[in-house]
Amino acid sequence: MQSPANTDAGLAAAATAVAEFTQRLHGISSRTDPAQVAAELLRLNDLVRAAAEPRLPVTAPPGDYLMALLELADPFTGGHDAA
Amino acid sequence: MPPDPDALLDGTIEAMAAQLRSGAVSSEQLTQSALARAAAEQPRLNAFIRMRSEQALQEARERDREAARGHWRGLLHGIPLAHKDCFERPGEPMTIGSAVPGVGPGTLRAAALQRLADAGAVDIGALNMSEMVAGPTGQNPHFGDCCNAWDTTRISGGSSRGSASAVAAGIVPGSLGSDTGGSVRLPASMQGLFGLKPTYGRISRIGCFPRAYSLECVGPLARTVRDCALLLQAIAGHDARDSTSLAAPVPDYLASLAGGAEGTRMAVLESASTLDPVVAEGFARLVDVAGQRYGALHTVAFDDLPACYAMADVFSKVEAAALHGPWIRRHPEAYSQAVYSRTEPGLHVPAVRYLEALMLRAQVLRDFVSGPLGAADVLLLPTLPIPVPTRAEADMEGRGKVFGVVAALTALTRPFSYLGLPVLSMPMGLDPHGMPMGAQLVSRPLGEARLLAVAEALSADIGWTPAARHPASLETRNPT
């Protein structure tokens with residue numbers, strides 16, 4: 001997904017924000033190039049947005065995931081009952 | 001003539017168990033041999049952070065007394081094992097591979113370790129690992145790199161690096177690691193082992209320090225499928241103390257191996273990652289062998305696999321940032337550059353992205369099961385897209401290098417951590433440097449019995465011979 005944030009200007013703005021917020025919001029001194037953190041952040045953000053958008057809105061709570069694991073279980077036991 | 005306990009360590013758990021049961025060898029003897037091997041191999045492999053020599057021998061003697069009274073706990077009775085140093089042991093140090101002060105000691109015995117103890121196993125020590133359970137290479141600037149038992153110039157894989165090296169070298173026949181994005185599967189692949197990331201929630205995580213609690217799975221590493229199955233049998237099952245533990249019955253994994261899960265439908269899962277030609281060739285050979293047993297494999301795809309990687313990455317970074325924030329503020333100097341850098345992006349991911357990844361998880365899982373796993377019972381793909389790198393090639397501590405190295409190594413493993421599916425990495429052959437290559441078998445949730453059965457059959461079909469990789473055995477096998 002190509003968004004305005006992925007332009008050089010967008011990346012620069014994100015890097016500036018990262019540099020400011022690491023200390024201001026989290027009290028942590030950055031040890032990483034803000035541009036690299038920003039690039040990683042934007043990459044993740046855009047991939048998740050692209051995957052989420054067609055599936056939203058989702059009203060089921062996150063706990064449904066554990067129920068789905070049980071519901072979708074492979075029934076194979078090799079013919080042997082539970083130990 | 002009584003068997004040599006040291007030689008027994010090169011074999012399987014069942015072979016050791018037979019000798020223990022017959023009284024030909026004692027647990028104390030076997031444990032002493034394992035401890036001696038561990039000490040002898042430590043300069044070469046750096047697999048251990050801490051040995052539990054005194055405690056292990058006490059446990060072994062108690063197992064021997066029980067056996068003398070006719071109390072036999074099962075096939076793991078008296079067997080020496082060792083585990084990644086992210087599992088709590090009460091009153092004992094737990095480093096999590098970290099230099100952060102005050103991380104331990106443990107306040108309880110991790111559930112998985114307790115279940116192994118209940119099954120009679122002996123715990124000989126805490127194994128080396130990547131710092132804070134983060135890192136696929138085996139590097140650790142605080143405790144030193146762990147080395148690959150096959151070739152010490154190459155990475156051991158991580159984060160369960162000591163587990164893989166100790167098992168591959170024949171110090172112990174099995175070990176527990178933990179897997180958030182590949183941390184059991186990658187070291188298993190790089191050291192010729194069977195490594196299982198079970199279904200999320202199959203094994204209790206009480207007392208296991210996480211990289212990311214939404215992804216973490218405790219899993220066994222072993223030189224054979226049967227040993228892997230034995231370890232899984234002991235530790236699988238519901239734990240009411242773990243809110244993510246699945247209340248699902250546990251099959252008889254060992255008995256399920258017979259028959260090779262005949263009738264299983266298999267397919268190759270296409271991935272966007274480019275495979276090194278050496279890996280592609282090795283994988284093609286495995287696909288051919290699998291086709292001969294299970295019928296020709298077709299190829300399936302899942303367009304959202306890169307998105308699964310990204311969502312797992314979001315979980316990993318955000319949850320790690322929340323977990324480590326207080327420690328990073330108080331002890332920044334205790335963190336390596338690599339772990340620090342990997343944690344920083346997690347501070348900035350918008351909360352709504354994290355929640356989207358969380359809310360969509362059930363739906364994406366259903367899509368994957370009805371899609372690729374609708375057409376096949378087991379999917380096949382390589383574990384690592386490249387041959388095992390050298391330690392110099394995979395150095396994560398260099399400024400700016402960590403993101404590229406991690407992405408390259410975890411490209412094929414991390415998506416299944418988001419899905420929470422069971423994945424078994426099995427050896428598929430050797431590369432031209434003589435290093436092992438691995439393949440992943442992926443199934444529906446709670447499909448561990450099928451995965452183990454298929455791996456047992458396929459490893460026999462490809463002629464994989466498990467062997468401990470220590471100097472004495474290497475001299476015998478490689479006279480050149």
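Keep in mind the model is a prediction, meaning the values are calculated, not measured.
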Can a salt bridge be assigned to the pair [X] and [Y] using a cut-off of 4.0 Å between side-chain N and carboxylate O?
X	Y	value
A:Glu40	B:Lys317	yes
B:Asp367	A:Arg55	yes
B:Arg353	A:Asp46	no

Based on non-hydrogen pairs under 4.5 Å, which of [options] is most in contact with chain A?
options	result
B:Ala307, B:Ala310, B:Ser370	B:Ala310
B:Leu360, B:Leu421, B:Leu373, B:Leu358	B:Leu360
B:Ala453, B:Gly259, B:Ala261, B:Ala357	B:Ala261
B:Gly325, B:Gly420, B:Gly201	B:Gly420

Within the distance-only criterion (no hydrogens, no angle test), does the side chain of [X] pair as donor or acceptor with the backbone N or O of [Y] below 3.5 angstrom?
X	Y	value
A:Thr77	B:Pro251	no
A:Tyr65	B:Leu419	yes
B:Arg444	A:Leu72	yes
B:Glu344	A:Thr32	yes
A:His26	B:Leu347	yes

**OP:** Using a cut-off of under 4.5 Å on heavy-atom pairs, state which of A:Leu69, A:Leu66, A:Leu44, A:Thr22 scores highest against chain B.
**Re:** A:Leu69

Subject >> Option that, when pairs with chain B are counted at under 4.5 Å, heavy atom only, ranks first among A:Ala17, A:Ala73, A:Pro62 >> reply: A:Ala73

Original post:
Below 4.5 Å, heavy atoms only, C-beta onward: do A:Asn45 and B:Pro350 meet side chain to side chain?
Top reply: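 The answer is yes, as the side chains (C-beta and beyond) meet within the 4.5 Å cut-off.
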
Original post:
Does a side-chain heavy-atom distance below 4.5 Å link B:Val349 with A:Leu41?
Top reply: yes

Given a strict heavy-atom distance threshold of 4.5 Å, which part of [X] is in contact with chain A: side chain, backbone, both, or neither?
X	answer
B:Ser243	backbone
B:Tyr200	both
B:Ala247	backbone
B:Phe368	neither

If you compare all heavy atoms of [X] against all heavy atoms of [Y], which two are closest, and at what distance to 0.1 Å?
X	Y	value
A:Glu71	B:Arg366	OE2-NH1, 2.6 Å
A:Ala51	B:Met311	CB-CE, 4.3 Å
A:Arg31	B:Pro332	NH1-O, 2.8 Å

Subject >> Separation between CZ of A:Phe76 and OG of B:Ser443, rounded to the nearest 0.5 Å >> reply: 10.5 Å

Original post:
Once you round to the nearest 0.5 Å, how far does CG of B:Leu446 lie from CG of A:Leu70?
Top reply: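 So the gap between those two atoms works out to 6.5 Å.
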
Original post:
Would you find more than 12 non-hydrogen atoms of other residues, nucleotides or ligands less than 6.0 Å from A:Glu20 atom CD?
Top reply: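 No, the 6.0 Å shell around CD holds no more than 12 heavy atoms from other groups.
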
**OP:** Quick one: do B:Asp313 and A:Arg43 satisfy side chain to side chain contact (heavy atoms under 4.5 Å, CB included)? Show the steps, please.
**Re:** CA-CA 11 Å; B:Asp313 213 359; A:Arg43 184 186 69 82; 3.3 Å; yes

